[in-house]
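Letters A, B, ... are given to chains in the order of the sequence lines, protein chains preceding strands, and every chain is numbered from 1. Note that this is a predicted model, so its numbers are computed, not measured.
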2 protein chains.
Amino acid sequence: MAHKPRSEMIAETRAKLVTAARHAFGTVGYADASMDDFTAAAGLTRGALYHHFGDKKGLLQAVIAEIDAEMNERLTAVARNAPTRWDGFIDGCIAYIEMALDPEIQRIVLRDGPAVLGDPTTWAIQAACIRSMADDLQHLADEGTITVTDPEAMAQLINGAMLNAALWIANVTNPEATSKKAVQAIKLLLEGLLVHPSRDGERSKPKVRSL
Amino acid sequence: MAHKPRSEMIAETRAKLVTAARHAFGTVGYADASMDDFTAAAGLTRGALYHHFGDKKGLLQAVIAEIDAEMNERLTAVARNAPTRWDGFIDGCIAYIEMALDPEIQRIVLRDGPAVLGDPTTWAIQAACIRSMADDLQHLADEGTITVTDPEAMAQLINGAMLNAALWIANVTNPEATSKKAVQAIKLLLEGLLVHPSRDGERSKPKVRSL
DNA sequence: ACAATTGCATACATTCCGTATGTCAATAAA
DNA sequence: TTTATTGACATACGGAATGTATGCAATTGT
(Lines give C-alpha, C1' and ligand atoms only; values in the text may rest on other atoms or scores of the structure.)
Protein backbone atom coordinates (compact mmCIF):
# COMPACT_ATOMS: atom_id res chain seq x y z
CA MET A 1 0.00 0.00 0.00
CA ALA A 2 2.15 2.75 -1.27
CA HIS A 3 1.34 6.30 -0.32
CA LYS A 4 -1.13 8.01 -2.57
CA PRO A 5 0.20 10.83 -4.67
CA ARG A 6 0.52 14.07 -2.83
CA SER A 7 -2.04 16.00 -4.86
CA GLU A 8 -4.61 13.41 -4.01
CA MET A 9 -3.92 13.72 -0.31
CA ILE A 10 -4.31 17.46 -0.55
CA ALA A 11 -7.62 17.20 -2.34
CA GLU A 12 -8.72 14.78 0.34
CA THR A 13 -7.99 17.16 3.19
CA ARG A 14 -9.74 19.94 1.33
CA ALA A 15 -12.77 17.74 0.89
CA LYS A 16 -12.66 16.68 4.53
CA LEU A 17 -12.59 20.29 5.64
CA VAL A 18 -15.44 21.27 3.35
CA THR A 19 -17.54 18.34 4.46
CA ALA A 20 -16.93 18.95 8.15
CA ALA A 21 -17.62 22.65 7.78
CA ARG A 22 -20.75 21.99 5.77
CA HIS A 23 -22.11 19.81 8.53
CA ALA A 24 -21.22 22.31 11.25
CA PHE A 25 -22.55 25.30 9.34
CA GLY A 26 -25.72 23.44 8.51
CA THR A 27 -26.47 22.41 12.07
CA VAL A 28 -25.24 25.05 14.51
CA GLY A 29 -24.86 27.81 11.93
CA TYR A 30 -21.85 29.71 10.68
CA ALA A 31 -21.40 32.04 13.66
CA ASP A 32 -21.55 29.32 16.30
CA ALA A 33 -19.42 26.82 14.41
CA SER A 34 -16.05 26.66 16.14
CA MET A 35 -13.20 26.18 13.72
CA ASP A 36 -11.27 24.25 16.36
CA ASP A 37 -14.19 21.89 16.80
CA PHE A 38 -15.05 20.95 13.25
CA THR A 39 -11.47 20.83 12.04
CA ALA A 40 -10.77 18.42 14.90
CA ALA A 41 -13.83 16.41 13.87
CA ALA A 42 -12.19 16.11 10.46
CA GLY A 43 -8.96 14.94 12.10
CA LEU A 44 -7.19 18.20 11.33
CA THR A 45 -6.49 21.58 12.88
CA ARG A 46 -7.14 25.18 11.99
CA GLY A 47 -3.73 25.28 10.40
CA ALA A 48 -4.95 23.28 7.44
CA LEU A 49 -8.02 25.45 7.17
CA TYR A 50 -6.11 28.70 7.00
CA HIS A 51 -3.63 27.22 4.59
CA HIS A 52 -6.28 26.16 2.10
CA PHE A 53 -9.09 28.69 2.50
CA GLY A 54 -7.49 31.78 3.98
CA ASP A 55 -10.13 32.34 6.61
CA LYS A 56 -13.52 31.23 7.83
CA LYS A 57 -15.34 33.14 5.11
CA GLY A 58 -13.24 31.45 2.47
CA LEU A 59 -14.33 28.09 3.77
CA LEU A 60 -17.97 29.18 3.69
CA GLN A 61 -17.51 30.17 0.07
CA ALA A 62 -16.14 26.74 -0.72
CA VAL A 63 -19.06 25.06 1.04
CA ILE A 64 -21.58 27.16 -0.83
CA ALA A 65 -19.83 26.48 -4.10
CA GLU A 66 -20.16 22.78 -3.47
CA ILE A 67 -23.86 23.05 -2.66
CA ASP A 68 -24.44 25.24 -5.68
CA ALA A 69 -22.81 22.74 -7.94
CA GLU A 70 -25.13 20.04 -6.69
CA MET A 71 -28.17 22.24 -7.15
CA ASN A 72 -27.16 23.20 -10.66
CA GLU A 73 -26.64 19.60 -11.61
CA ARG A 74 -30.08 18.64 -10.43
CA LEU A 75 -31.78 21.60 -12.08
CA THR A 76 -30.25 20.87 -15.46
CA ALA A 77 -31.29 17.25 -15.12
CA VAL A 78 -34.86 18.27 -14.43
CA ALA A 79 -34.94 20.63 -17.36
CA ARG A 80 -33.52 17.94 -19.65
CA ASN A 81 -36.31 15.51 -18.84
CA ALA A 82 -39.26 17.81 -19.46
CA PRO A 83 -41.44 17.21 -22.53
CA THR A 84 -42.03 20.87 -23.35
CA ARG A 85 -40.14 24.02 -22.52
CA TRP A 86 -43.02 25.32 -20.45
CA ASP A 87 -43.25 22.10 -18.48
CA GLY A 88 -39.53 22.18 -17.96
CA PHE A 89 -39.84 25.66 -16.60
CA ILE A 90 -42.55 24.71 -14.14
CA ASP A 91 -40.70 21.56 -13.12
CA GLY A 92 -37.54 23.54 -12.57
CA CYS A 93 -39.38 25.93 -10.28
CA ILE A 94 -40.80 23.08 -8.25
CA ALA A 95 -37.46 21.34 -8.07
CA TYR A 96 -35.91 24.57 -6.88
CA ILE A 97 -38.36 24.80 -4.01
CA GLU A 98 -37.80 21.17 -3.12
CA MET A 99 -34.09 21.74 -2.81
CA ALA A 100 -34.54 24.95 -0.87
CA LEU A 101 -36.54 22.99 1.70
CA ASP A 102 -33.37 21.23 2.83
CA PRO A 103 -32.50 22.67 6.26
CA GLU A 104 -28.82 22.65 5.37
CA ILE A 105 -29.43 24.72 2.27
CA GLN A 106 -31.73 27.09 4.10
CA ARG A 107 -29.25 27.69 6.86
CA ILE A 108 -26.04 27.90 4.83
CA VAL A 109 -27.09 29.31 1.49
CA LEU A 110 -30.20 31.32 2.28
CA ARG A 111 -29.47 32.73 5.72
CA ASP A 112 -25.81 32.69 6.73
CA GLY A 113 -24.47 33.06 3.22
CA PRO A 114 -25.97 36.48 2.51
CA ALA A 115 -25.08 37.77 5.98
CA VAL A 116 -21.41 36.78 5.68
CA LEU A 117 -20.68 37.04 1.97
CA GLY A 118 -23.02 39.82 0.95
CA ASP A 119 -26.00 39.91 -1.31
CA PRO A 120 -26.59 36.63 -3.13
CA THR A 121 -27.73 38.30 -6.33
CA THR A 122 -24.08 39.16 -6.89
CA TRP A 123 -22.88 35.57 -6.50
CA ALA A 124 -21.66 33.83 -9.60
CA ILE A 125 -23.91 30.82 -9.15
CA GLN A 126 -27.03 32.83 -8.49
CA ALA A 127 -26.27 34.87 -11.55
CA ALA A 128 -25.96 31.69 -13.60
CA CYS A 129 -29.23 30.36 -12.27
CA ILE A 130 -31.02 33.60 -13.02
CA ARG A 131 -29.55 33.76 -16.49
CA SER A 132 -30.66 30.23 -17.20
CA MET A 133 -34.18 31.09 -16.13
CA ALA A 134 -34.12 34.32 -18.09
CA ASP A 135 -33.08 32.37 -21.19
CA ASP A 136 -35.99 30.02 -20.68
CA LEU A 137 -38.37 32.94 -20.40
CA GLN A 138 -36.94 34.52 -23.52
CA HIS A 139 -37.43 31.33 -25.51
CA LEU A 140 -40.94 30.91 -24.17
CA ALA A 141 -41.70 34.45 -25.25
CA ASP A 142 -40.14 33.88 -28.67
CA GLU A 143 -42.24 30.80 -29.28
CA GLY A 144 -45.32 32.77 -28.27
CA THR A 145 -46.10 30.88 -25.11
CA ILE A 146 -45.81 33.73 -22.65
CA THR A 147 -45.56 37.50 -22.49
CA VAL A 148 -42.52 39.11 -20.94
CA THR A 149 -40.91 42.47 -21.50
CA ASP A 150 -37.71 41.93 -19.57
CA PRO A 151 -36.82 38.27 -18.99
CA GLU A 152 -34.09 39.02 -16.47
CA ALA A 153 -36.34 41.12 -14.28
CA MET A 154 -39.07 38.50 -14.43
CA ALA A 155 -36.55 35.79 -13.54
CA GLN A 156 -35.48 37.77 -10.49
CA LEU A 157 -39.07 38.08 -9.35
CA ILE A 158 -39.85 34.42 -9.86
CA ASN A 159 -36.66 33.37 -8.16
CA GLY A 160 -37.49 35.49 -5.13
CA ALA A 161 -41.01 34.13 -5.02
CA MET A 162 -39.74 30.58 -4.94
CA LEU A 163 -37.10 31.28 -2.33
CA ASN A 164 -39.64 32.86 -0.03
CA ALA A 165 -42.02 30.01 -0.64
CA ALA A 166 -39.36 27.55 0.46
CA LEU A 167 -38.60 29.53 3.60
CA TRP A 168 -42.28 29.73 4.35
CA ILE A 169 -42.93 26.05 3.84
CA ALA A 170 -39.95 24.98 5.89
CA ASN A 171 -40.98 27.05 8.89
CA VAL A 172 -44.65 26.21 9.02
CA THR A 173 -46.23 23.55 11.18
CA ASN A 174 -47.55 21.37 8.34
CA PRO A 175 -45.10 21.54 5.43
CA GLU A 176 -46.98 18.92 3.44
CA ALA A 177 -50.23 20.81 3.06
CA THR A 178 -48.45 24.11 2.76
CA SER A 179 -46.24 22.94 -0.07
CA LYS A 180 -49.31 21.87 -2.03
CA LYS A 181 -50.82 25.30 -1.62
CA ALA A 182 -47.55 26.94 -2.59
CA VAL A 183 -47.20 24.89 -5.75
CA GLN A 184 -50.76 25.71 -6.74
CA ALA A 185 -50.16 29.41 -6.16
CA ILE A 186 -46.94 29.31 -8.16
CA LYS A 187 -48.66 27.68 -11.06
CA LEU A 188 -51.43 30.25 -10.88
CA LEU A 189 -48.93 33.08 -10.81
CA LEU A 190 -46.83 31.75 -13.66
CA GLU A 191 -49.80 30.85 -15.80
CA GLY A 192 -50.79 34.48 -15.60
CA LEU A 193 -47.92 35.02 -18.02
CA LEU A 194 -49.36 32.65 -20.61
CA VAL A 195 -50.64 34.24 -23.77
CA HIS A 196 -53.42 31.68 -24.11
CA PRO A 197 -54.05 30.47 -20.60
CA SER A 198 -55.83 27.16 -20.25
CA ARG A 199 -58.91 27.38 -18.07
CA ASP A 200 -57.51 25.59 -15.06
CA GLY A 201 -53.90 25.09 -15.89
CA GLU A 202 -54.61 21.67 -17.40
CA ARG A 203 -51.70 22.18 -19.74
CA SER A 204 -49.30 21.02 -17.08
CA LYS A 205 -51.81 19.16 -14.96
CA PRO A 206 -50.33 15.72 -15.70
CA LYS A 207 -47.04 16.77 -14.24
CA VAL A 208 -48.37 18.07 -10.96
CA ARG A 209 -46.90 16.27 -8.04
CA SER A 210 -46.72 17.00 -4.36
CA LEU A 211 -43.48 17.95 -2.77
CA MET B 1 -33.87 73.01 35.00
CA ALA B 2 -35.07 70.28 37.24
CA HIS B 3 -34.09 66.74 36.49
CA LYS B 4 -36.38 64.95 34.12
CA PRO B 5 -38.43 62.14 35.56
CA ARG B 6 -36.64 58.87 35.82
CA SER B 7 -38.77 56.97 33.33
CA GLU B 8 -37.98 59.54 30.72
CA MET B 9 -34.25 59.19 31.27
CA ILE B 10 -34.55 55.46 30.93
CA ALA B 11 -36.45 55.71 27.69
CA GLU B 12 -33.79 58.09 26.48
CA THR B 13 -30.94 55.68 27.13
CA ARG B 14 -32.88 52.89 25.47
CA ALA B 15 -33.43 55.07 22.44
CA LYS B 16 -29.78 56.09 22.39
CA LEU B 17 -28.70 52.48 22.45
CA VAL B 18 -31.11 51.49 19.71
CA THR B 19 -30.05 54.40 17.53
CA ALA B 20 -26.35 53.75 18.00
CA ALA B 21 -26.79 50.04 17.36
CA ARG B 22 -28.91 50.69 14.29
CA HIS B 23 -26.18 52.83 12.82
CA ALA B 24 -23.45 50.32 13.63
CA PHE B 25 -25.45 47.33 12.39
CA GLY B 26 -26.40 49.21 9.25
CA THR B 27 -22.86 50.18 8.35
CA VAL B 28 -20.39 47.52 9.50
CA GLY B 29 -22.98 44.80 9.99
CA TYR B 30 -24.11 42.91 13.06
CA ALA B 31 -21.15 40.57 13.39
CA ASP B 32 -18.50 43.27 13.12
CA ALA B 33 -20.29 45.78 15.32
CA SER B 34 -18.41 45.93 18.62
CA MET B 35 -20.72 46.45 21.56
CA ASP B 36 -17.98 48.36 23.36
CA ASP B 37 -17.63 50.71 20.42
CA PHE B 38 -21.20 51.69 19.70
CA THR B 39 -22.25 51.84 23.34
CA ALA B 40 -19.34 54.20 23.91
CA ALA B 41 -20.48 56.21 20.89
CA ALA B 42 -23.80 56.57 22.67
CA GLY B 43 -22.03 57.75 25.83
CA LEU B 44 -22.76 54.50 27.64
CA THR B 45 -21.21 51.10 28.31
CA ARG B 46 -22.16 47.51 27.72
CA GLY B 47 -23.64 47.47 31.19
CA ALA B 48 -26.61 49.52 30.03
CA LEU B 49 -27.04 47.31 27.01
CA TYR B 50 -27.18 44.08 28.93
CA HIS B 51 -29.47 45.63 31.50
CA HIS B 52 -32.04 46.71 28.94
CA PHE B 53 -31.79 44.17 26.15
CA GLY B 54 -30.29 41.05 27.69
CA ASP B 55 -27.76 40.44 24.95
CA LYS B 56 -26.67 41.49 21.51
CA LYS B 57 -29.49 39.60 19.81
CA GLY B 58 -32.02 41.35 22.00
CA LEU B 59 -30.72 44.67 20.83
CA LEU B 60 -30.95 43.55 17.21
CA GLN B 61 -34.57 42.59 17.82
CA ALA B 62 -35.27 46.05 19.20
CA VAL B 63 -33.62 47.68 16.21
CA ILE B 64 -35.61 45.57 13.77
CA ALA B 65 -38.80 46.28 15.66
CA GLU B 66 -38.15 50.00 15.26
CA ILE B 67 -37.51 49.67 11.54
CA ASP B 68 -40.55 47.48 11.11
CA ALA B 69 -42.74 50.02 12.81
CA GLU B 70 -41.56 52.69 10.41
CA MET B 71 -42.18 50.45 7.42
CA ASN B 72 -45.64 49.51 8.57
CA GLU B 73 -46.55 53.13 9.12
CA ARG B 74 -45.54 54.03 5.62
CA LEU B 75 -47.26 51.06 4.02
CA THR B 76 -50.58 51.79 5.70
CA ALA B 77 -50.29 55.41 4.61
CA VAL B 78 -49.76 54.36 1.01
CA ALA B 79 -52.69 51.97 1.09
CA ARG B 80 -54.91 54.69 2.59
CA ASN B 81 -54.24 57.09 -0.27
CA ALA B 82 -54.98 54.76 -3.16
CA PRO B 83 -58.14 55.32 -5.23
CA THR B 84 -58.99 51.65 -5.76
CA ARG B 85 -58.08 48.53 -3.90
CA TRP B 86 -56.13 47.21 -6.86
CA ASP B 87 -54.19 50.43 -7.19
CA GLY B 88 -53.51 50.38 -3.47
CA PHE B 89 -52.16 46.90 -3.82
CA ILE B 90 -49.81 47.84 -6.65
CA ASP B 91 -48.72 51.01 -4.87
CA GLY B 92 -48.04 49.06 -1.71
CA CYS B 93 -45.82 46.65 -3.61
CA ILE B 94 -43.86 49.49 -5.15
CA ALA B 95 -43.52 51.26 -1.82
CA TYR B 96 -42.27 48.04 -0.31
CA ILE B 97 -39.52 47.80 -2.88
CA GLU B 98 -38.60 51.42 -2.40
CA MET B 99 -38.12 50.89 1.30
CA ALA B 100 -36.20 47.68 0.81
CA LEU B 101 -33.72 49.61 -1.31
CA ASP B 102 -32.43 51.39 1.80
CA PRO B 103 -28.97 49.93 2.54
CA GLU B 104 -29.68 49.99 6.26
CA ILE B 105 -32.84 47.93 5.80
CA GLN B 106 -31.11 45.53 3.44
CA ARG B 107 -28.26 44.93 5.80
CA ILE B 108 -30.13 44.75 9.09
CA VAL B 109 -33.53 43.36 8.19
CA LEU B 110 -32.89 41.34 5.08
CA ARG B 111 -29.43 39.92 5.65
CA ASP B 112 -28.25 39.97 9.27
CA GLY B 113 -31.72 39.61 10.75
CA PRO B 114 -32.50 36.19 9.28
CA ALA B 115 -29.01 34.90 10.04
CA VAL B 116 -29.15 35.91 13.70
CA LEU B 117 -32.83 35.67 14.61
CA GLY B 118 -33.93 32.87 12.33
CA ASP B 119 -36.31 32.77 9.43
CA PRO B 120 -38.17 36.05 8.91
CA THR B 121 -41.41 34.38 7.91
CA THR B 122 -41.81 33.53 11.60
CA TRP B 123 -41.35 37.13 12.76
CA ALA B 124 -44.39 38.90 14.09
CA ILE B 125 -44.03 41.87 11.80
CA GLN B 126 -43.52 39.83 8.67
CA ALA B 127 -46.55 37.81 9.56
CA ALA B 128 -48.58 40.99 9.95
CA CYS B 129 -47.38 42.28 6.60
CA ILE B 130 -48.21 39.02 4.87
CA ARG B 131 -51.62 38.86 6.49
CA SER B 132 -52.38 42.38 5.38
CA MET B 133 -51.45 41.50 1.83
CA ALA B 134 -53.40 38.26 1.98
CA ASP B 135 -56.45 40.23 3.15
CA ASP B 136 -56.07 42.54 0.21
CA LEU B 137 -55.88 39.62 -2.16
CA GLN B 138 -58.94 38.03 -0.60
CA HIS B 139 -60.95 41.23 -1.02
CA LEU B 140 -59.74 41.61 -4.58
CA ALA B 141 -60.87 38.07 -5.29
CA ASP B 142 -64.22 38.65 -3.60
CA GLU B 143 -64.92 41.71 -5.69
CA GLY B 144 -64.03 39.72 -8.78
CA THR B 145 -60.92 41.62 -9.70
CA ILE B 146 -58.42 38.76 -9.50
CA THR B 147 -58.26 34.98 -9.25
CA VAL B 148 -56.56 33.41 -6.27
CA THR B 149 -57.06 30.06 -4.63
CA ASP B 150 -54.99 30.61 -1.49
CA PRO B 151 -54.39 34.27 -0.67
CA GLU B 152 -51.77 33.57 1.96
CA ALA B 153 -49.66 31.45 -0.36
CA MET B 154 -49.94 34.06 -3.09
CA ALA B 155 -48.97 36.79 -0.62
CA GLN B 156 -45.86 34.83 0.33
CA LEU B 157 -44.87 34.49 -3.30
CA ILE B 158 -45.43 38.14 -4.07
CA ASN B 159 -43.59 39.22 -0.96
CA GLY B 160 -40.60 37.12 -1.90
CA ALA B 161 -40.63 38.45 -5.43
CA MET B 162 -40.49 42.02 -4.18
CA LEU B 163 -37.78 41.32 -1.64
CA ASN B 164 -35.60 39.74 -4.26
CA ALA B 165 -36.30 42.56 -6.64
CA ALA B 166 -35.11 45.04 -4.04
CA LEU B 167 -31.92 43.09 -3.41
CA TRP B 168 -31.33 42.87 -7.12
CA ILE B 169 -31.89 46.55 -7.77
CA ALA B 170 -29.73 47.64 -4.87
CA ASN B 171 -26.75 45.60 -6.02
CA VAL B 172 -26.78 46.41 -9.69
CA THR B 173 -24.68 49.08 -11.37
CA ASN B 174 -27.60 51.23 -12.58
CA PRO B 175 -30.40 51.06 -10.02
CA GLU B 176 -32.46 53.68 -11.84
CA ALA B 177 -32.98 51.76 -15.03
CA THR B 178 -33.20 48.47 -13.24
CA SER B 179 -35.94 49.65 -10.93
CA LYS B 180 -38.02 50.69 -13.90
CA LYS B 181 -37.67 47.26 -15.41
CA ALA B 182 -38.49 45.64 -12.10
CA VAL B 183 -41.65 47.67 -11.63
CA GLN B 184 -42.77 46.83 -15.14
CA ALA B 185 -42.16 43.14 -14.55
CA ILE B 186 -44.03 43.25 -11.25
CA LYS B 187 -47.01 44.86 -12.87
CA LEU B 188 -46.94 42.27 -15.61
CA LEU B 189 -46.74 39.45 -13.11
CA LEU B 190 -49.52 40.78 -10.89
CA GLU B 191 -51.77 41.66 -13.79
CA GLY B 192 -51.60 38.02 -14.76
CA LEU B 193 -53.89 37.48 -11.79
CA LEU B 194 -56.55 39.83 -13.14
CA VAL B 195 -59.76 38.20 -14.26
CA HIS B 196 -60.20 40.70 -17.08
CA PRO B 197 -56.73 41.91 -17.90
CA SER B 198 -56.46 45.15 -19.81
CA ARG B 199 -54.37 44.81 -22.94
CA ASP B 200 -51.31 46.65 -21.70
CA GLY B 201 -52.01 47.21 -18.06
CA GLU B 202 -53.54 50.61 -18.75
CA ARG B 203 -55.79 50.12 -15.75
CA SER B 204 -53.06 51.30 -13.46
CA LYS B 205 -51.02 53.14 -16.04
CA PRO B 206 -51.71 56.59 -14.58
CA LYS B 207 -50.14 55.58 -11.33
CA VAL B 208 -46.90 54.32 -12.76
CA ARG B 209 -43.98 56.19 -11.42
CA SER B 210 -40.28 55.55 -11.31
CA LEU B 211 -38.54 54.68 -8.11
C1' DA C 1 21.07 11.46 -1.58
C1' DC C 2 20.25 16.25 -0.75
C1' DA C 3 17.87 20.50 -0.87
C1' DA C 4 13.82 23.02 -1.29
C1' DT C 5 9.09 23.50 -1.35
C1' DT C 6 4.84 23.22 1.14
C1' DG C 7 1.11 20.98 3.60
C1' DC C 8 -0.16 21.19 8.09
C1' DA C 9 0.39 21.70 13.32
C1' DT C 10 1.53 24.45 17.36
C1' DA C 11 1.92 28.65 20.05
C1' DC C 12 0.70 33.31 20.80
C1' DA C 13 -1.70 37.81 20.71
C1' DT C 14 -5.88 40.12 20.29
C1' DT C 15 -10.56 40.93 20.50
C1' DC C 16 -15.05 40.30 21.95
C1' DC C 17 -18.92 38.46 24.43
C1' DG C 18 -21.35 37.37 28.76
C1' DT C 19 -21.51 37.38 33.87
C1' DA C 20 -20.76 38.88 38.33
C1' DT C 21 -20.09 42.54 41.22
C1' DG C 22 -20.17 47.25 42.75
C1' DT C 23 -21.95 52.07 43.08
C1' DC C 24 -24.87 55.86 43.10
C1' DA C 25 -29.14 58.19 42.47
C1' DA C 26 -34.17 58.22 42.93
C1' DT C 27 -38.24 56.86 44.98
C1' DA C 28 -40.83 55.09 48.84
C1' DA C 29 -41.46 54.74 53.74
C1' DA C 30 -41.20 55.96 58.53
C1' DT D 1 -36.67 64.78 57.11
C1' DT D 2 -34.20 60.79 57.36
C1' DT D 3 -33.62 56.11 56.08
C1' DA D 4 -34.04 52.09 53.35
C1' DT D 5 -34.61 49.87 49.09
C1' DT D 6 -34.90 49.43 44.33
C1' DG D 7 -32.80 49.52 40.00
C1' DA D 8 -30.11 51.85 36.28
C1' DC D 9 -25.69 51.67 34.85
C1' DA D 10 -20.41 51.06 35.18
C1' DT D 11 -16.42 48.20 36.10
C1' DA D 12 -13.82 44.00 36.45
C1' DC D 13 -13.04 39.32 35.20
C1' DG D 14 -13.08 34.82 32.75
C1' DG D 15 -13.57 32.19 28.69
C1' DA D 16 -13.66 31.41 23.96
C1' DA D 17 -12.80 32.20 19.26
C1' DT D 18 -10.26 34.19 15.38
C1' DG D 19 -6.09 35.32 12.87
C1' DT D 20 -0.98 35.30 12.56
C1' DA D 21 3.59 33.79 13.03
C1' DT D 22 6.50 30.15 13.54
C1' DG D 23 8.08 25.33 13.26
C1' DC D 24 8.33 20.57 11.63
C1' DA D 25 8.17 16.88 8.48
C1' DA D 26 7.41 14.72 4.30
C1' DT D 27 7.29 14.62 -0.65
C1' DT D 28 9.22 16.07 -5.02
C1' DG D 29 12.85 17.39 -8.21
C1' DT D 30 17.74 17.29 -9.25
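For the OP1/OP2 pair of D/dC9 and a distance below 4.0 Å, the side-chain nitrogens and oxygens of B/H51 include no atom meeting the criterion. OP1 or OP2 of C/dC8 has at least one side-chain nitrogen or oxygen of A/H52 nearer than 4.0 Å. Residue B/T13 places no side-chain N or O under 4.0 Å from the OP1 or OP2 atom of D/dA8.
Rounding to whole angstrom units, CD1 of residue B/I10 and C1' of D/dT6 are separated by 11 Å. Straight-line distance from the CD atom of A/E8 to the C1' atom of D/dT28: 16 Å, rounded to whole Å. Regarding B/D32, its CG atom lies at a distance of 9 Å from the P atom of C/dC16, rounded to whole Å. One can place CZ of B/R14 at 10 Å from P of D/dC9, the figure rounded to the nearest angstrom.
Under a 4.0 Å N-O distance rule, the pair A/R22/A/E70 qualifies as a salt bridge. Under a 4.0 Å N-O distance rule, the pair A/D119/B/R111 does not qualify as a salt bridge.
Proximity of a side-chain donor or acceptor of A/Q106 to a complementary backbone N or O of A/A166 within less than 3.5 Å is detected. With hydrogens and angles ignored, the 3.5 Å screen pairs no side-chain donor or acceptor of B/K181 with any backbone N or O of A/E152. Formation of a donor-acceptor pair under 3.5 Å by the B/D55 side chain with backbone atoms of B/G58 is found in this model. Between the side chain of A/T19 and the main chain of A/K16, no donor-acceptor pair closer than 3.5 Å is present.
With pairs defined as Watson-Crick or G-U wobble and both atom distances under 3.5 Å, the stems of at least three pairs that touch DNA chain D come out as C:1-30 with D:1-30.
Residue A/H52 places its NE2 atom among more than 12 non-hydrogen atoms of other residues, nucleotides or ligands, all under 6.0 Å distant.
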**Message:** B/T84 vs B/D87, test: side-chain contact (heavy atoms from CB on, under 4.5 Å). Steps then yes/no.
**Reply:** CA-CA 5 Å; B/T84 72; B/D87 285 319; 2.9 Å; yes

**Request:** Quick one, give me the B/S/- string for nucleotides 10-22 of chain D, reading 5' to 3', where B means a protein heavy atom under 4.0 Å from the base and S means that only happens at the primed atoms, P, OP1 or OP2.
**Result:** BBB----SBBB--

